[in-house]
Amino acid sequence: MDEIRVKVIFDRERIATRIKELAVEIDARYGQEPLLAVCVLKGAVFFFGDLVRILHNKNLELDFVRLTSYGMDDASSGAPILTKDVEADIYGKHILIVEDIVDSGYSMRFLLDCFAARGARSLRLAALVDKHERRQVDVNVDFAGFAVNSGFLVGYGMDWAERWRMLPDICEIVPG
Ligand code: IMP
Ligand code: MG
């Protein structure tokens, strides 16, 4: 495994700059409206931490879900499982889901439908990376960090078979 190499595609400064821009958009959208921000573990953990700490909304609640669909593979099974649910009640609330990557869209379609069925007042999605061209089901990313069309990304929370999450930059696995 150790021969696998990665190369930086968005470095930590670029990530921080982009997250500040997203925070401005999110603040403009919600102002001081009560908002429940839901982090999708594990991949979004650093994105979520960096984002929510610079929002100006003083009526912000934080919660966490864990979704699994990939296992040790790098292709979506298309059948996500909610292995950890939010503790908060979703009913009647403005919800902002914070995810690392939207790829096929199956995971976020599942979570959006799940929260819609629980009666969320509004539902929006922030994703650090939008692999828009790989979409299999309709999912709109309301606040997208970076658009990427190909390659497998690791670092800044994102993993390949649980490796590389701790890298401070967004990197791509170098094939070969
Ligand atoms: P989707 O259900 O196909 O949209 O898959 C979304 C999930 O797959 C994301 O939450 C990621 O955890 C994972 N994923 C998709 N592409 C990548 C990647 O390039 N690197 C790491 N994880 C990825
Ligand atoms: Mg994920």
Side-chain angles (χ1 to χ4, degrees), residues 1-12 14-15 18-19 22 26 36-52 62-87 90 95-117 120 123-176:
M1 266 184 138
D2 285 327
E3 72 284 2
I4 293 166
R5 289 186 304 118
V6 299
K7 73 163 189 242
V8 174
I9 58 165
F10 303 112
D11 67 23
R12 60 204 82 177
R14 189 142 175 226
I15 297 168
R18 188 68 192 113
I19 292 177
L22 291 179
I26 293 168
L36 178 65
V38 176
C39 174
V40 183
L41 296 170
K42 302 176 190 171
V45 66
F46 302 133
F47 175 40
F48 185 77
D50 287 345
L51 178 67
V52 298
L62 311 182
D63 213 326
F64 301 84
V65 292
R66 169 106 169 93
L67 276 179
T68 313
S69 65
Y70 269 51
M72 302 297 276
D73 201 352
D74 68 357
S76 177
S77 67
I81 306 161
L82 198 54
T83 56
K84 186 228 172 294
D85 205 342
V86 285
E87 291 165 13
I90 295 294
I95 310 290
L96 176 66
I97 297 172
V98 181
E99 168 65 313
D100 56 356
I101 300 190
V102 182
D103 183 35
S104 69
Y106 284 117
S107 307
M108 285 307 99
R109 186 71 270 147
F110 169 82
L111 193 61
L112 287 160
D113 290 349
C114 173
F115 287 172
L123 269 174
R124 289 192 182 86
L125 175 59
L128 184 61
V129 175
D130 188 1
K131 289 185 169 175
H132 192 261
E133 292 184 6
R134 290 177 44 88
R135 212 67 103 245
Q136 304 282 322
V137 285
D138 182 37
V139 169
N140 178 50
V141 180
D142 301 281
F143 308 100
F146 302 104
V148 173
N149 297 326
S150 61
F152 199 79
L153 307 182
V154 294
Y156 197 68
M158 296 175 282
D159 74 308
W160 180 74
E162 291 303 325
R163 293 192 75 197
W164 311 112
R165 285 196 201 277
M166 70 297 180
L167 300 177
D169 308 298
I170 299 176
C171 302
E172 187 180 342
I173 302 246
V174 181

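Remember, it's 1-based here, ligands and their atoms both numbered in the order they're listed.
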### Query
Pick one: which of Leu123, Val40, Val139 meets side chain to side chain contact (heavy atoms under 4.5 Å, CB included) with Leu111?
Val40
### Task
Mark yes or no for whether Arg66, through its side chain, and Ile81, through its backbone, hold a donor-acceptor pair below 3.5 Å.
no
### Query
Does Val38 offer a backbone N or O that forms a donor-acceptor pair with the side chain of Asp63 under 3.5 Å?
no
### Query
Hey, is ligand 1 close enough to Met108 that some N/O pair sits below 3.5 Å?
no
### Query
When the aromatic ring centroids of Phe64 and Phe48 are compared, is their separation below 6.0 Å?
yes
#### Entry: Taking every non-hydrogen atom, the tightest pair across Pro80 and Phe110
CG-CB, 3.6 Å
### Query
Considering residues at least two apart in sequence or located in another chain, which fulfil the salt bridge (charged side-chain N to carboxylate O under 4.0 Å, His left out) criterion with Lys131?
none
Report the part of [X] in contact with ligand 1, treating N, CA, C, O as backbone and CB onward as side chain, heavy atoms under 4.0 Å; options are side chain, backbone, both, neither.
| X | result |
| --- | --- |
| Glu99 | side chain |
| Gln136 | neither |
| Asp100 | side chain |

### Which N, O or S atom of Asp100 lies nearest to the Mg ion (ligand 2), by name
OD1
If we only consider heavy atoms of [X], is any one of them less than 4.0 Å away from an atom in ligand 1?
| X | value |
| --- | --- |
| Arg109 | no |
| Ile101 | yes |
| Val40 | no |
| Gly43 | no |

### Query
Can you tell me how far CH2 of Trp164 sits from CD1 of Ile4, rounded to the nearest 0.5 angstrom?
6.5 Å
### Message
I need the atoms of ligand 1 closer than 4.0 Å to a non-hydrogen atom of Ser107, numbered in the order shown.
### Response
1 (P), 2 (O), 5 (O), 6 (C)
### Query
Taking only residues two or more places apart in sequence or in another chain, which ones pass side chain to side chain donor-acceptor pair (under 3.5 Å) with Asp113?
Arg109
### Query
With respect to atom 20 (N) of ligand 1, which of Val137, Asp130, Leu153 exhibits the smallest heavy-atom separation?
Leu153
